[in-house]
There are 2 protein chains.
Amino acid sequence: MLQVEEALNTLKSWLTENRLKYTHQRKLITEVFFDPAYRETHPSVEELYLRVRERDRKVGYATVYRTLKILTDCGLANPNRLGDNQTRYEPEIPGEHHDHLVCSECGAVFEFEEEEIERLQHAVARRFGFTLDDHKMVLYGSPGEICELAACQRHGTTPPHATTIELD
Amino acid sequence: MLQVEEALNTLKSWLTENRLKYTHQRKLITEVFFDPAYRETHPSVEELYLRVRERDRKVGYATVYRTLKILTDCGLANPNRLGDNQTRYEPEIPGEHHDHLVCSECGAVFEFEEEEIERLQHAVARRFGFTLDDHKMVLYGSPGEICELAACQRHGTTPPHATTIELD
DNA sequence: CTGAGTGCAAAGCCTTTGCACCGTT
DNA sequence: AACGGTGCAAAGGCTTTGCACTCAG
């Protein structure tokens with residue numbers, strides 16, 4: 001719940017700074033997006049739209065698109081392409097960056113952090129005379145036969161992840 | 001020219017294996033795609049289509065899409081999303097993988113290789129019990145004021161890269 | 001009040017598909 | 001000759017936009 005409040009505060013401040021309005025819809029969409037129960041689901045716009053509609057039938061599709069754009073602009077949402085040709089969003093928690101590993105077979109999405117890769121990415125940017133602003137990285141992998149760790153759905157283990165996408 | 005021939009041979013074998021046909025269009029599109037003069041331009045389908053049309057006016061848009069799909073399937077083309085909401089393709093040279101760094105300001109695209117990052121990506125996949133099949137990584141960076149190295153167009157240096165995209 | 005925001009439907013993009021004709025095998 | 005390929009135009013997804021109405025500040 002805490003993070004929902006923080007997100008709403010961030011949103012509110014950002015809107016005020018930009019002379020935009022803190023509307024019922026923007027608040028609702030942000031609440032749903034940051035709902036702890038859905039935090040790791042990497043929803044597409046449509047998926048989020050459907051969840052929002054469960055709470056308020058009158059919210060329009062376009063509003064969800066527009067709000068997600070705002071959330072992205074104020075650093076609260078992170079758009080990603082994981083491989084199913086849709087833009088998927090995830091709530092951005094300050095200081096909590098992670099990247100994704102997608103199972104080539106079933107589309108299960110796993111999150112991971114790898115400080116050393118991030119460091120090297122900064123180094124690469126620096127090598128070109130740039131300061132790293134952002135990056136997108138997605139790994140695609142196949143679970144081995146004798147794999148104990150892979151929690152890939154198709155292999156029967158309980159998934160520690162919350163999303164499964166349909167790869168092309 | 002060598003790589004064009006190699007690509008055509010690879011394509012031809014693959015088509016034969018799959019009982020598909022080695023048509024005039026597929027040959028032409030592949031030749032244009034692997035043309036040394038354009039090798040690093042990361043063309044979108046439309047850009048490639050336009051180039052192909054310079055050599056044969058009758059080639060259709062759909063054929064370029066279909067052929068690029070084939071080239072991707074037989075490992076000769078690599079689709080990428082660099083940040084301008086288009087799929088851009090680059091010729092795949094065996095053993096020559098690289099990733100991209102995009103200038104946040106002007107959209108200039110730079111290619112780089114970083115063995116250590118690749119190694120760590122394999123390690124991450126392994127940690128989850130997966131074998132790494134593929135990955136997508138794009139870095140976004142800003143050129144510094146006092147930057148000598150950044151060959152970002154907007155900053156007046158000769159670009160060592162061949163593509164500039166329009167970021168959203 | 002006033003201008004930004006919303007919902008709806010229409011329009012835009014990029015990409016795929018159906019179909020009749022064409023060309024490789 | 002047989003069957004996959006091609007070109008064209010139409011249709012599909014996802015996303016954005018125009019517009020009249022609504023509501024936050």
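Chain A is the first sequence line, chain B the second, and so forth, proteins listed ahead of strands; every chain is numbered from 1. Worth knowing before you read on, the calculation uses all heavy atoms, side chains too, and leaves out hydrogens, waters and symmetry mates.
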Separation of [X] atom [atom1] from [N] atom [atom2], in whole Å?
X	N	atom1	atom2	result
B:Lys58	D:dT6	NZ	C1'	12 Å
B:Trp14	D:dG4	CH2	P	14 Å
B:Lys12	D:dG4	NZ	P	19 Å

[X] has a side chain; which of [options] sits nearest to it?
X	options	value
B:Val45	C:dT15, C:dG5, C:dT24	C:dT15
B:Tyr65	D:dC14, D:dA9, C:dT15	C:dT15
B:Thr87	C:dT15, D:dA24, C:dC8	C:dT15
B:Lys21	D:dG7, C:dT25, C:dA4	C:dT25

Less than 4.0 angstrom between a side-chain N/O of [X] and OP1 or OP2 of [N], yes or no?
X	N	answer
A:Thr23	D:dC23	no
B:Arg26	D:dT6	yes
A:Gln25	C:dG7	yes
A:Arg66	C:dT6	no
A:Arg19	D:dA24	no

Comparing nearest nucleotides in DNA chain D, the 5'-proximal residue of the pair B:Arg53, B:Leu15 is B:Leu15

I want to confirm an ordering. Mapping B:Tyr49 and B:Leu20 to their closest nucleotides on DNA chain D, which one lands closer to the 5' end?
B:Leu20

If you take the centroid of each ring, where Trp contributes its six-membered ring, are A:Phe110 and B:Phe130 closer together than 6.0 Å?
yes

Could you check whether A:Arg51 pairs with A:Glu46 (Lys NZ or Arg NE/NH1/NH2 to Asp/Glu carboxylate O, under 4.0 Å)?
no

Would you mind checking if B:Glu47 and B:Arg88 are paired as a salt bridge, meaning a charged N to carboxylate O distance below 4.0 Å?
yes

Does a side chain donor of either B:Glu92 or B:Asn78 reach within less than 3.5 Å of an acceptor in the other side chain?
yes

